[in-house]
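Below is one structure. I have some questions about it.
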Amino acid sequence: MNLTKIIIGNWKMNGSSSDGLNQVKKIAENVTNAKVCHKIVICPPFTLLREMEPILSHAGISIGGQDCHFSTNGPYTGDISAEMLVDQGCKFVILGHSERRVAYSENDQKVRMKANEAIRSGLNVIVCVGEDQFHRNSGKALDFVSSQIDASLPDVFSDHQLIIAYEPVWAIGFGRTPSLIEIQEMHEMIESKVKSANIKKIYGGSVTKDNAREIMSNPAVDGVLVGGASLKCKSFWPIIEAANEI
Ligand code: PGA
């Protein structure tokens with residue numbers, strides 16, 4: 001069994017130059033000293049990519065973007081292309097996060113177009129899926145996520161280029177998580193749809209140092225996508241340590 005986990009920090013719209021760099025320096029130092037063998041990725045705001053990249057890559061940590069456009073370049077004020085992320089040293093990009101699906105009306109088709117462009121540019125893509133409270137309560141969570149999987153994944157990719165993050169919308173930022181059985185059930189459904197055990201399936205939504213170990217101990221869970229708890233070394237490092245203890 002491959003016990004290597006992937007732990008991804010999603011900083012969202014948080015992090016100043018001074019505090020952000022301070023935090024990643026501490027994380028990088030811990031990762032180096034502890035000889036962590038798990039894959040760690042940090043996705044800071046675009047403004048911090050350039051400064052953070054050398055610090056992280058020196059410790060074997062990858063850096064990623066939180067979104068990209070589906071076009072290579074052009075008149076898209078405020079947007080960032082996948083090639084620009086590569087140019088900043090990114091190896092990964094998060095796509096279809098529920099905050100973007102909701103606040104920017106990103107539908108599955110748009111997520112797929114972005115994923116295609118990101119793969120074409122050489123990035124590994126982290127495609128987020130997850131049901132809202134309504135679909136969970138009405139017993140339709142599996143069907144809902146299944147349809148997202150059908151429509152949001154890139155058309156052509158190698159297994160190692162795709163990570164699927166199951167992030168129930170009702171769990172993100174609310175301190176609530178599905179039961180371990182519900183997470184496992186969802187991950188197994190995703191694996192049966194993509195027909196490959198080599199595509200990593202990670203869980204996200206209120207992951208903290210208190211639940212990370214239990215969640216990652218499940219062999220169906222290849223890692224975690226961490227929001228709030230990834231912002232500070234003191235809350236992110238114990239999650240990485242938890243993976244080391246499994
Ligand atoms: P959270 O966010 O860990 O703060 O719940 C997770 C995410 O949105 O990726």
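We're numbering straight along the sequence, starting at 1. Order of listing sets the numbers, starting from 1, for every ligand and every atom in it.
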Count the heavy atoms belonging to other residues, nucleotides or ligands that lie under 6.0 Å from NZ of K12, then report whether that count exceeds 12. yes
With a 3.5 Å distance limit and no angle check, can you tell me whether N211 reaches the backbone of S206 through a side-chain donor-acceptor pair? yes
CZ (F134) with more than 12 external heavy atoms under 6.0 Å: no
Looking at Q133, I'd like to know if its CD atom is crowded, meaning that more than 12 non-hydrogen atoms belonging to other residues, nucleotides or ligands lie closer than 6.0 Å. yes
For atom 7 (C) of ligand 1, the closest protein heavy atom turns out to be E167 OE2, 3.2 Å
For N10, counting its heavy atoms only, list the atoms of ligand 1 lying under 4.0 Å from any of them. 9 (O)
Return the closest protein heavy atom for atom 3 (O) of ligand 1 as residue, atom name and distance. G227 N, 2.9 Å
In plain terms, say whether E117 and R120 are close enough for a salt bridge, that is, a side-chain N and a carboxylate O under 4.0 Å apart. yes
The atoms of ligand 1 lying under 4.0 Å from a heavy atom of H97, numbered in the order shown, are 7 (C), 8 (O), 9 (O)
What part of I172, side chain from CB on, backbone N/CA/C/O, both or neither, has a heavy atom under 4.0 Å from ligand 1? both
What's the verdict on side-chain contact (heavy atoms from CB on, under 4.5 Å) for H97 and Q66, showing C-alpha distance, side-chain angles and the deciding distance? CA-CA 8 Å; H97 190 283; Q66 298 174 14; over 6 Å; no
Atoms in ligand 1 flagged as close to G205, the criterion being non-hydrogen separation under 4.0 Å: 5 (O)
Are E131 and K140 within salt-bridge range, i.e. N to O under 4.0 Å? no
Minimum distance, heavy atoms only, to atom 4 (O) of ligand 1: which one of G228, S98, G204 is it? G228
Which atoms of ligand 1 have any heavy atom of L225 under 4.0 Å away? 9 (O)
Test of proximity, G173 against ligand 1: N or O pairs below 3.5 Å: yes
